[in-house]
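The structure appears below as structure tokens.
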Amino acid sequence: MRPPRTAGTYARRLLVVGYLFLLVIWPVALVVQKTFEGGLDNLQTALSDPVVTDALQLTVVVALWAVAINTIFGVGISLLLVRYEFPGRSVLSALIDLPLSVSPVVVGLALLLAYGGTNGTFGPALENVGLQVAFATPGIIMATAFVSLPLVIREIVPVLHEIGTEQEQAATSLGAGPLQTFRRITLPSIKWALVYGVVLSLARALGEFGAVKIVSGNVAQQTQTATLVVEQKYQDFEQGSAYATSFLLALIAVAALVVVTILRPKDDTDGD
């Protein structure tokens, strides 16, 4: 039986809705409004600008690579944290949250110190064999993957705790190998947590700015991502293109979240 709704209940709901409206809904709505202020002119201008289209293409490539990396390592690290006991497990768990607590600018600077072609620890050796990391696409992918890594792991770990190990142990006792057990037992149990983590990782990758700006060099039509184009266009008084590019980035992220929400079964508990 549900508790009766009181004035305090409605006041709390109103407070939460008002907070979300002022912090999220209203600012994003203003971007949409500015984008379509003159009809489709801003979108057409942005999509006809090679600087914008090249930046969007690079952003998609970087986001897909980052999501792929985070999916593979996210699942692996999640299984390692939940299914195995080893010294330093708590330290590893804490380190996974590091990208959420450290400024992305610090991440970008750290990558430059490690992979910069001039003074980086590994950069000169890598460039001698033909692999440039800093101020190139690999560096942008690394920065983006780093800042979005925890999102997949933090979705999967609670589900792995919830489902336990009984079914996996039963499969092993019946002769199933590790890969077969993962494919037939573990993966179906965590699939929606994995999907949602991937979508969150994609949204985060599309919107990364600080780390990418430091490690990319921000060279137009070479290492400039969509978020960097937004900043440049706005500072160059091309606000229409800035609004349109921001709208496209937000549209992709929101659309992915909406699709997953619609497709996810209402009674799915990830552990059934």
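Atoms considered below: every heavy atom in the structure, side chains included; atoms not considered: hydrogens, waters and symmetry mates. Index from 1, following the sequence.
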Can you find a pair of side-chain heavy atoms, one from [X] and one from [Y], that are under 4.5 Å apart?
{"X": "T186", "Y": "E168", "result": "yes"}
{"X": "I140", "Y": "T225", "result": "yes"}
{"X": "F135", "Y": "L112", "result": "yes"}
{"X": "V61", "Y": "W65", "result": "yes"}
{"X": "K213", "Y": "E231", "result": "yes"}
{"X": "L43", "Y": "T35", "result": "yes"}
{"X": "V219", "Y": "Q224", "result": "no"}
{"X": "V52", "Y": "L248", "result": "no"}

Could you state the interatomic distance from [atom1] ([X]) to [atom2] ([Y]), rounded to the nearest 0.5 Å?
{"X": "E208", "Y": "T144", "atom1": "CD", "atom2": "OG1", "result": "6.0 Å"}
{"X": "R83", "Y": "L79", "atom1": "CZ", "atom2": "CG", "result": "7.0 Å"}
{"X": "I72", "Y": "I77", "atom1": "CD1", "atom2": "CD1", "result": "11.5 Å"}
{"X": "Q180", "Y": "T172", "atom1": "CD", "atom2": "OG1", "result": "9.5 Å"}
{"X": "L200", "Y": "R154", "atom1": "CG", "atom2": "CZ", "result": "14.0 Å"}
{"X": "Q169", "Y": "L174", "atom1": "CD", "atom2": "CG", "result": "12.0 Å"}

Which atom pair, heavy atoms only, marks the closest approach of [X] to [Y]?
{"X": "L109", "Y": "I214", "answer": "N-CG2, 3.6 Å"}
{"X": "P138", "Y": "L131", "answer": "CG-CD1, 4.4 Å"}
{"X": "K191", "Y": "P188", "answer": "CG-O, 3.3 Å"}
{"X": "E127", "Y": "G117", "answer": "OE2-CA, 3.2 Å"}
{"X": "A170", "Y": "S173", "answer": "O-OG, 2.6 Å"}
{"X": "A134", "Y": "G116", "answer": "CB-CA, 3.8 Å"}

Could you see if [X] belongs to whatever hydrophobic cluster contains [Y]? Use Ile, Leu, Val, Met, Phe, Trp, Tyr and a side-chain cutoff under 4.5 Å.
{"X": "L206", "Y": "V31", "result": "no"}
{"X": "I185", "Y": "V75", "result": "no"}
{"X": "L30", "Y": "F21", "result": "yes"}
{"X": "F182", "Y": "Y84", "result": "yes"}
{"X": "V51", "Y": "F237", "result": "no"}

Check against side chain to side chain contact (heavy atoms under 4.5 Å, CB included), R204 and V147: CA-CA 8 Å; R204 182 69 180 86; V147 299; 3.9 Å; yes
Just wondering, are more than 12 heavy atoms of other shown residues or ligands nearer than 6.0 Å to [atom1] in [X]?
{"X": "N119", "atom1": "CG", "answer": "no"}
{"X": "F209", "atom1": "CZ", "answer": "yes"}
{"X": "R184", "atom1": "CZ", "answer": "no"}
{"X": "F86", "atom1": "CZ", "answer": "yes"}
{"X": "Y234", "atom1": "OH", "answer": "no"}
{"X": "Y115", "atom1": "OH", "answer": "no"}

Test side chain to side chain contact (heavy atoms under 4.5 Å, CB included) applied to T59 and L249, step by step: CA-CA 9 Å; T59 300; L249 290 174; 4.3 Å; yes
Donor + acceptor pair across side chains of S148, N70 (<3.5 Å): yes
Can any side-chain N or O of [X] pair as donor or acceptor with the backbone N or O of [Y] at less than 3.5 Å?
{"X": "S216", "Y": "V212", "result": "yes"}
{"X": "N128", "Y": "P124", "result": "yes"}
{"X": "T245", "Y": "S241", "result": "yes"}

Parallel, tilted or perpendicular, as decided by the 30° and 60° cut-offs, for the rings of F36 and F247: perpendicular
Chi angles and distances behind the side chain to side chain contact (heavy atoms under 4.5 Å, CB included) call for N218, T223: CA-CA 6 Å; N218 196 16; T223 61; 5.6 Å; no
Partners meeting salt bridge (charged side-chain N to carboxylate O under 4.0 Å, His left out) with D41 (sequence neighbours left out): none
Criterion side chain to side chain contact (heavy atoms under 4.5 Å, CB included) on V82 and H161, from CA distance to verdict: CA-CA 7 Å; V82 178; H161 279 298; 3.8 Å; yes
Given L160, I156, L92, the one that forms side-chain contact (heavy atoms from CB on, under 4.5 Å) with L81: L92
